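The figures here come from the full heavy-atom set of this structure, side chains too, leaving out hydrogens, waters and symmetry mates. Since the structure is predicted, the reported quantities are computational estimates derived from the model, not experimental observations.
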Amino acid sequence: MRLNGFVWAMLGLSLGICAVGCSDDGYTNDHGLGAPCTCEGDGCAVMGIPLPVPVNDSTVSGQIVGCENVDTTGMTGGVVACLRTIAGDAAIMAPPVWAPKGYCTYSAVKTQMENERFAQMATYGDADALTACPKGSTLLESTFDYEIVGQQAVVLNKTCARSCTSDSDCNGDGEMTCITKGNARFCYNEENFKFMKDYTATPF
């Protein structure tokens, strides 16, 4: 079974009422980029690691809930994903990620490592082809070294984040704030950049 997204899966936390709709200091859940989300089905996690893109094959299936309005018109390379929290104690399997209520995104990840099976497990979408994000969002791009199950890997991550002008544009209930990077401002959680020390942010 292909673990096609565990690197960016963010252990199953209760998502509460904001998984289907909430308002926080002016934020309205539009079920688009940056919205809270969850995943339903037995294809949503592997070995306790929540997958951003669920597995759907002859044995298991999963469905993202909450990202129904993510507009991918004209987009290439990425897939709609629900980032969910990966706790620090799972770091041997995947980089820790912080998204307590889930985070809808359009994203792709490419992992290069000697073990091709592990590399495929930690890959989804076509990161090389993802060069733009939907209007009103910001492309976060980073390449970093990481050790997956004791083996060195180089990970290319591309994620479309909701753009913002203030914290009120972000899902504060999901601990997302409006982060400034160069001329870009986007909704995300600062904890997610602890291992991605070098990244670019390009607004669209």
Side-chain angles (χ1 to χ4, degrees), residues 2-22 24-25 27 29 31-55 60 62-68 70 78-109 111 121-125 137-138 140 142 144 146-149 153 155 157-162 164 167 169-179 186-197 199:
R2 188 169 180 255
L3 308 185
N4 65 337
F6 75 76
V7 168
W8 298 107
M10 298 192 186
L11 291 150
L13 300 177
S14 172
L15 298 179
I17 193 169
C18 271
V20 293
C22 65
D24 179 77
D25 295 330
Y27 170 77
N29 182 5
H31 299 276
L33 290 174
C37 56
T38 187
C39 186
E40 296 179 353
D42 56 3
C44 294
V46 173
M47 294 183 289
I49 305 296
L51 305 176
V53 179
V55 175
V60 296
Q63 180 179 0
I64 292 173
V65 177
C67 305
E68 294 77 15
V70 173
V79 293
V80 175
C82 175
L83 305 181
R84 293 175 290 149
T85 295
I86 294 178
D89 58 7
I92 189 174
M93 296 290 294
V97 184
W98 194 250
K101 299 293 183 181
Y103 189 90
C104 293
T105 184
Y106 181 73
S107 177
V109 172
T111 302
M121 288 169 14
T123 296
Y124 64 86
S137 67
T138 297
L140 306 180
S142 63
F144 59 95
Y146 196 79
E147 188 174 287
I148 299 175
V149 196
V155 180
N157 173 58
K158 294 184 178 180
T159 297
C160 296
R162 182 187 185 105
C164 55
D167 288 348
D169 295 323
C170 308
N171 181 18
D173 187 61
E175 300 184 25
M176 298 296 163
T177 60
C178 191
I179 296 170
F186 54 92
C187 298
Y188 225 52
N189 190 297
E190 291 277 8
E191 291 290 317
N192 295 315
F193 298 114
K194 285 190 173 179
F195 62 91
M196 295 189 302
K197 299 191 184 305
Y199 73 96

Are the side chain of Asp167 and the backbone N or O of Cys178 linked by a donor-acceptor pair below 3.5 Å?
yes
Shortest non-hydrogen contact between Pro54 and Cys39, atoms and distance
CB-SG, 3.7 Å
Without swapping roles, check the side chain of Arg162 against the backbone of Gly32 for a donor-acceptor pair under 3.5 Å.
no
Are the side chain of Thr111 and the backbone of Val155 linked by a donor-acceptor contact shorter than 3.5 Å?
no
Residues Asn157, Ser107; criterion side-chain contact (heavy atoms from CB on, under 4.5 Å); working and verdict
CA-CA 8 Å; Asn157 173 58; Ser107 177; 4.0 Å; yes
N/O donor-acceptor pair under 3.5 Å between Tyr106 side chain and Cys160 backbone:
no
Is there side-chain contact between Met176 and Asp173, with heavy atoms separated by less than 4.5 Å?
no
Are the side chain of Tyr103 and the backbone N or O of Cys187 linked by a donor-acceptor pair below 3.5 Å?
yes
With Gln63 via side chain to side chain contact (heavy atoms under 4.5 Å, CB included) - residues at least two apart
none
Where is the tightest heavy-atom contact between Cys44 and Gly62, given as atom of each residue plus distance?
SG-CA, 4.0 Å
Run through Val79, Val80, Ile64 and flag the one making a side chain to side chain contact (heavy atoms under 4.5 Å, CB included) with Val53.
Val79
Kindly determine whether Tyr124 and Leu51 satisfy side-chain contact (heavy atoms from CB on, under 4.5 Å), including the steps that lead there.
CA-CA 10 Å; Tyr124 64 86; Leu51 305 176; over 6 Å; no
Can you name the closest pair of heavy atoms from Cys170 and Tyr27 and give their distance?
O-CB, 3.2 Å
Relative to each other, are the rings of Phe193 and Phe186 parallel, tilted or perpendicular (30° and 60° limits)?
perpendicular
Just do the disulfide bond (SG atoms under 2.5 Å apart) check on Cys67 and Cys104 with the steps written out, would you?
CA-CA 6 Å; Cys67 305; Cys104 293; 2.0 Å; yes
Derivation and outcome, disulfide bond (SG atoms under 2.5 Å apart), residues Cys82 and Cys37:
CA-CA 6 Å; Cys82 175; Cys37 56; 2.1 Å; yes
First locate atom CD1 of Ile179, then atom CG of Asn192, and finally report the distance between them rounded to the nearest 0.5 Å.
8.0 Å
Work out which heavy atom in Asn171 is nearest to a heavy atom in Lys101; give both atom names and the distance.
ND2-CB, 4.1 Å
